[in-house]
Amino acid sequence: MKNKTLFVSAFGVALMGVTAINAQELVLPEGMEILTPENVEVTVSTARANDKDKALTIAGSAENGYKAYFTAKDAEHGEELWVSDGTKEGTKMVKDIYPGVTSSNVLYITRFNDKVVFQATANDDEGAELWISDGTEDGTRMIVDINILGGSEPAGFTQINENEFIFGAKDYESISYGEEEQRWLWISDGTADGTRLLKDCKVIYPGAKVATDDERFFVRVGRKVFFKADTKDNEFGEELWITDGTEAGTKMLLDINKTVANEETGATAGAQLDWFTNFKNEKLFFIAYSNEYGNEPWVSDGTTEGTYMIKDLTEGTDANGLPAGHGAFTPRVYKDKVYFRGYDPYYGLELFVTDFTAEGTHIVFDLNTNPTATGTANGSPDLFCEFDGVLFMKGATGSDANLPDTNFGLELFYTDGTAEGSKIQSDLNPGTGPNAAWEGMVVSGSFYFRAQDQTPAAGSSQAWELFKIDSKDEFPKKVVDLGEGPDFVHSLRNLDGDLVFTSQIKKSLFVYHYRKADYDPQKDKENMDPDFGETSAVMAPSSMDKTVDIYPNPASDYVCIDTDAEVYGYTITDLSGKLLVKGHADSNKIMLDDLSAGMFILSVETSEGVMNSKLTVK
């Protein structure tokens, strides 16, 4: 097993991992049940990172429902892909991809509309390749064998528009180019014919991690994806790149760190990019290291001119004469701004906000007021998500037992964006003990997180029990205690209104159906589908022909195709990719009589042999 941690039980016995318990020993609250069979062990990684190798992923559609995809193993099949619709009957192994007891080593399960894409190994000859699944055995298949001489090891899957996703992969040329094997950038629509090399750039993935919590290496903003890469000749190190799904639109935006790393070639050092955050499908917030300012917050609108450092939060140099940057951590979008852990020379690491201007970037609240020689101690907030109108986080208040009125250890906070509206939410672990909260998320109008209400026995750093609150000022309630000692619950996910998760003390898939007393489905039911930005935007798939136009748009009874090429045929799909209409075009006029009002993707095949797609509104 990966990511095992040394714990000490309540009886003082050192164990690798945690002590497993049987289902009959569990007392679960009303609405909670175990979905996986007793002889099946869920193998989801405990890492907090979003881009973790063994992921628990939700995919589906409002029309056909949603499913949880994960990896699990049993004695007969080894570790394979599993799926659950939230019921015991609907929880099963999808397919024995590598037949027999050998594991297929499914990695990086990622949603692609109502399916998932992932890396898997079906046999030793093909190696780790690109796979797709709709949750059924027949609908689970290898998309294409990218590297004919071994595994392509695809990773970094990110849906870029309604019909395509990008990823990094190795092929014969990329592993043969230069002195080291490289992943280059690929794009796919989920079919073999629609999978191709997009750009021969060196994709940094998984790459060296600057942080350990919520980092992402590929992040979509609207219908473009930002990612970390270098040229295949290693000219710039790890820098900020962008793609719109076309080769021409795939490029490095800026050489942020111009420090010369190789005097012989002139290659510059990498920018240590991290904390990629989508701001309202308009901009990317991130941190980067520059030779002038060190590690500081940056923003990009997808253009070179619109990519800039927001503010030099830490001026001057450090003891080594290098720029004294402190970066920005756990950024979250709230009230049309980005909040994050930033640095102030007097207050230390505290809650900051930015509107992407230097003047609008400043400290919001000093969580830890304990005095130091230079100011006050670090509050080091880690931000979670918005709930009940405020932004939740955990932060340090200090651990001096002689100051009981201000020192509560590491506890929950929230803010409304002002100093007056920022406060400690609760002292969950009484005294100065830390609650060690993580993974805060909202499901059906209730806020869930993993934390501890008492400090574990010596040798155990965290307990990770499951807690919830139904309103911002309610004292947290422990949802379940799975066993003696640390439960180590993790991978909390929203399965269309129900919470699913797993645990290290009981490596099963749990589901919890709960609705608070004042649950309002109009307000408390979350949107489960990806947002690609403005509905009036024109989709730009890799094969877009700029000479094709569609009018009127929005339309009522018909649309006309404006192109110099001859129109052969067309298809109309909904935004999930489901085919609605397919036909041959006798003219450049396509009737929409049989379609209900809504948004569709109209794809037109021309005499140039190209499928040109446009977002169409009826």
Side-chain angles (χ1 to χ4, degrees), residues 50-51 156 158-161 166 168 185 198-199 201-205 207 210-211 214-231 235-246 248-259 268-313 323 325 327-334 336-340 342 352-361 531-534 537 540:
N50 286 312
D51 289 334
T158 307
Q159 190 166 349
I160 191 170
N161 55 48
I166 66 165
L185 190 68
L198 183 57
K199 185 79 171 182
C201 57
K202 180 184 177 184
V203 174
I204 313 295
Y205 187 96
V210 178
D214 295 310
E215 71 278 31
R216 286 187 180 277
F217 302 92
F218 292 73
V219 168
R220 179 184 55 78
V221 177
R223 290 184 173 83
K224 297 181 179 179
V225 172
F226 291 85
F227 60 102
K228 307 195 311 190
D230 192 2
T231 64
E235 298 174 272
F236 302 102
E238 172 195 292
E239 292 292 351
L240 183 66
W241 285 58
I242 192 171
T243 181
D244 63 0
T246 69
T250 304
K251 58 187 177 180
M252 186 180 80
L253 285 174
L254 193 65
D255 185 12
I256 295 174
N257 186 2
K258 296 181 176 60
T259 303
T268 55
Q272 302 177 29
L273 305 170
D274 210 347
W275 295 111
F276 283 11
T277 302
N278 179 352
F279 176 76
K280 299 168 70 74
N281 279 325
E282 298 170 3
K283 298 177 181 179
L284 178 78
F285 176 89
F286 62 104
I287 63 170
Y289 182 95
S290 69
N291 49 310
E292 298 97 341
Y293 302 104
N295 227 355
E296 296 291 354
W298 283 65
V299 67
S300 177
D301 64 1
T303 68
T304 300
E305 300 75 17
T307 303
Y308 59 90
M309 186 185 74
I310 299 171
K311 187 174 184 178
D312 185 10
L313 293 177
F329 300 86
T330 59
R332 296 292 184 268
V333 178
Y334 172 65
D336 294 327
K337 296 179 181 179
V338 173
Y339 290 76
F340 61 96
F352 270 67
V353 65
T354 183
D355 62 2
F356 308 118
T357 69
E359 298 76 17
T361 304
D531 177 11
F532 293 98
E534 295 295 329

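Just so it is clear, the values below take in all heavy atoms, side chains as well, and ignore hydrogens, waters and symmetry mates.
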Drop me the distance from [X]'s [atom1] to [Y]'s [atom2], to the nearest 0.5 angstrom.
X	Y	atom1	atom2	value
Arg332	Tyr339	CZ	OH	14.5 Å
Ile242	Ser300	CD1	OG	6.0 Å
Asp274	Phe329	CG	CZ	8.0 Å
Lys251	Thr246	NZ	OG1	9.0 Å

Parallel, tilted or perpendicular, as decided by the 30° and 60° cut-offs, for the rings of Phe227 and Trp241: tilted
Please confirm whether the backbone N or O of [Y] pairs with a side-chain atom of [X], one donor and one acceptor, at under 3.5 Å?
X	Y	value
Thr304	Leu253	yes
Arg220	Asp531	yes
Lys311	Thr361	yes
Thr277	Trp275	yes
Glu292	Pro323	no
Glu296	Leu313	yes
Lys224	Gly302	no

Do [X] and [Y] touch side chain to side chain, with heavy atoms closer than 4.5 Å?
X	Y	answer
Ser290	Trp298	yes
Ile256	Leu273	yes
Phe236	Thr231	yes
Ile287	Gln272	no
Val353	Tyr334	no
Leu240	Leu284	yes
Thr354	Phe285	yes

What is the minimum heavy-atom distance between [X] and [Y], and which atoms define it?
X	Y	value
Gly245	Leu198	O-CD1, 3.5 Å
Thr303	Asp301	OG1-OD1, 2.7 Å
Val221	Asn281	CG1-C, 3.4 Å
Ala229	Val203	CB-CA, 4.2 Å
Gln159	Val225	O-CG2, 4.5 Å
Asp255	Glu239	OD1-OE2, 3.0 Å

Pair Leu185-Phe218, side-chain contact (heavy atoms from CB on, under 4.5 Å): steps then yes or no: CA-CA 11 Å; Leu185 190 68; Phe218 292 73; 4.0 Å; yes
Validation row, ring centre Phe279 to ring centre Phe356 under 6.0 Å: yes
